[in-house]
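Everything on this sheet refers to the single structure shown next.
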2 protein chains.
Amino acid sequence: MLDKSHKHVTCENCLAKNSSLFKSFCNEEVDDLNIVKSCSYFKKSQPLFIEGSMPRGVFCLNKGKVKIFSRGEEGKEQIIHVAKEGEIVGFRAMFSEEPYKVTASTLEESNICFISKADFLNLVDTNVTLRNGIMKELSTELANRVTYITNMAQKSVRGRLAFALILLEEIYTGEMINLTREDLANFVGTATETLIRLLKDFKDEEIIQTHGRKIEILNHDKLITISGT
Amino acid sequence: MLDKSHKHVTCENCLAKNSSLFKSFCNEEVDDLNIVKSCSYFKKSQPLFIEGSMPRGVFCLNKGKVKIFSRGEEGKEQIIHVAKEGEIVGFRAMFSEEPYKVTASTLEESNICFISKADFLNLVDTNVTLRNGIMKELSTELANRVTYITNMAQKSVRGRLAFALILLEEIYTGEMINLTREDLANFVGTATETLIRLLKDFKDEEIIQTHGRKIEILNHDKLITISGT
DNA sequence: AAAAAAAAGTGACCTAAGTCACATTTTAAA
DNA sequence: TTTAAAATGTGACTTAGGTCACTTTTTTTT
């Protein structure tokens, strides 16, 4: 169980993780950040923000994972990204002056800090390194989504599942992949039943092993081969 | 036939079209731009840049259309975007310090200007409005790709074709959609044969009409309905 | 600890869409 | 203008993967 007040969370020890955006900050800048941020405890399946609402700030993940998804016509979730500790979520929407096109929701109980839009934009305005980092991040992400689209359009579901597992292995470093079959299916872009059948195939082929819902990767190389399918 | 030297192309009358990025420029800034840019004539199917190569600058489309695509495992093109007159192509790669993840190639003969990376980044550094425009553009595009991914994962090919035609109608304003069936299939994310069959269905349903390869939209509303499929 | 509600998993069936193999038409090149 | 080469279009066939209808297991709530 996480500490629900978690007053102990300071930016200094939080950033120690792997935030790509604030990593260039000097001590003084981290202190500034520490002053404007506010922390809170999120339980499992709690939204940070919802598609259609107006962005009010960014969220910095201290502990826990968050899924980012959009809903298709029939309301089916399409998971675009799973964010992990150290990531800043929702900063793309700070620049577009438009409502969120995605929803962010915790996958497990989490400690998450909030920085208001005004404070964040002020940081961006005054910090060249941060600004360049953001532009680079936006561009890289745009490039990643090209791959994502191409995969979705051209690969088999089996290939996409292999690719998704490789991504998730990275996101769940040091622990096992822990997603409902439905979430995994919505990430891969397939029906839950199809996903379950394919996971069984992977088990039979000794590529993965399951412990309850948790998935352990046994043969990373084989996943890479299959992901080319 | 376009003028191959097209010395008459000045930024002033070019920007009159619809460039979203340079539109805020004052006369003086446009003059600066005019000095650093160099123009050239591209014939049909000529690449502006190629996946894997290092970005050297941005391309500004004065006349003509350009497809942006990535290649899947078996080399099949996945068209991500069709750029039209007034658009600036390749600026995303200016910030990522990485090789292009996509190829850009003309769909028809074109007049295209080039601005070197150094000149472009200099503009971005010194012009706050341009910089904000770029950040906004990157964010908006990122949001659009979420829709793209969700469509690809959840819609039928018929629904995706309808969606593609709506987008292309906008891109080919004032003229008819003119793409090879293969390009259109690679945009929709399907096999060429399937695409041809679906186009025939649309013709039978009097949603579109073809003049040779060119496609005319007859019933825009019905396309919207179908694109929800 | 019991009850209720999610989630996981299976089997049977169906169909959208891919593949292959050509015929025909259009476009580009020699 | 002929030849070559793309691009378009059709038919026959196959199959990946979706849907539906359940059962079983795991979680959550009371």
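So you know, we letter chains A, B, ... as the sequences are listed, proteins then strands, and number each from 1. Not measured: the values here are computed from a predicted model. Computed from heavy atoms alone, side chains included, the values below leave out hydrogens, waters and symmetry copies.
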Interatomic distance where CD1 belongs to B:Ile196 and P belongs to D:dA7 [whole Å]: 12 Å

Rounded distance in Å - CD1 (A:Ile208) to C1' (C:dA8): 14 Å

Interatomic distance where CG belongs to A:Leu107 and C1' belongs to C:dA7 [whole Å]: 15 Å

A:Ala191 side-chain proximity, nearest of C:dA8, C:dA17, D:dG18: D:dG18

Presence of B:Arg181 side-chain N/O under 4.0 Å of D:dG9 phosphate oxygens OP1/OP2: yes

B:Arg213 vs D:dT8: side-chain N/O to OP1/OP2 distance below 4.0 Å: yes

Residues A:Glu109 and A:Lys44 bridged, charged N to O under 4.0 Å: no

Sugar-phosphate, base or nothing in reach of B:Glu193, heavy atoms under 4.0 Å: base

Selected nucleotide, minimal atom distance to B:Val157 side chain, candidates C:dA28, C:dG18, C:dG9: C:dG18

Mutual orientation of the aromatic rings belonging to A:Phe120 and A:Phe91 [parallel < 30°, tilted 30-60°, perpendicular > 60°]: tilted

Length of the NZ-C1' vector between B:Lys214 and D:dA7, whole Å: 16 Å

Nearest-angstrom distance from the residue atom NZ of A:Lys155 to C1' of D:dA16: 17 Å

Short side-chain N/O contact from B:Thr192 to OP1 or OP2 of D:dT8, under 4.0 Å: no

A:Gly212 or A:Ala153, whichever maps to the more 5' nucleotide of DNA chain C: A:Gly212

Side-chain N or O of B:Lys200 closer than 4.0 Å to phosphate OP1/OP2 of D:dT10: yes

Distance test, side-chain N/O of B:Thr194 to OP1/OP2 of C:dA16, below 4.0 Å: no

Polar pair under 3.5 Å, donor/acceptor by atom type, side chain A:Arg197, base C:dG11: yes

Atom CD of B:Glu74: over 12 foreign heavy atoms under 6.0 Å: no

Separation of atom CD in A:Gln154 from atom C1' in C:dA17, rounded to whole Å: 15 Å

Row check, A:Tyr172 ring normal vs A:Lys65 NZ/CZ: under 6.0 Å, within 45°: yes

Distance in angstrom units between B:Leu179 CG and D:dA7 P, rounded: 12 Å

Nucleotide nearest B:Lys44 (side chain, heavy atoms from C-beta), chosen from C:dA28, D:dA7, D:dG9: C:dA28

Between C:dA28 (C1') and B:Glu108 (CD): distance, integer Å: 18 Å

Parallel, tilted or perpendicular, as decided by the 30° and 60° cut-offs, for the rings of B:Phe59 and B:Phe42: perpendicular

Partner nucleotide, any strand, of C:dT26 [Watson-Crick/G-U, under 3.5 Å]: D:dA5

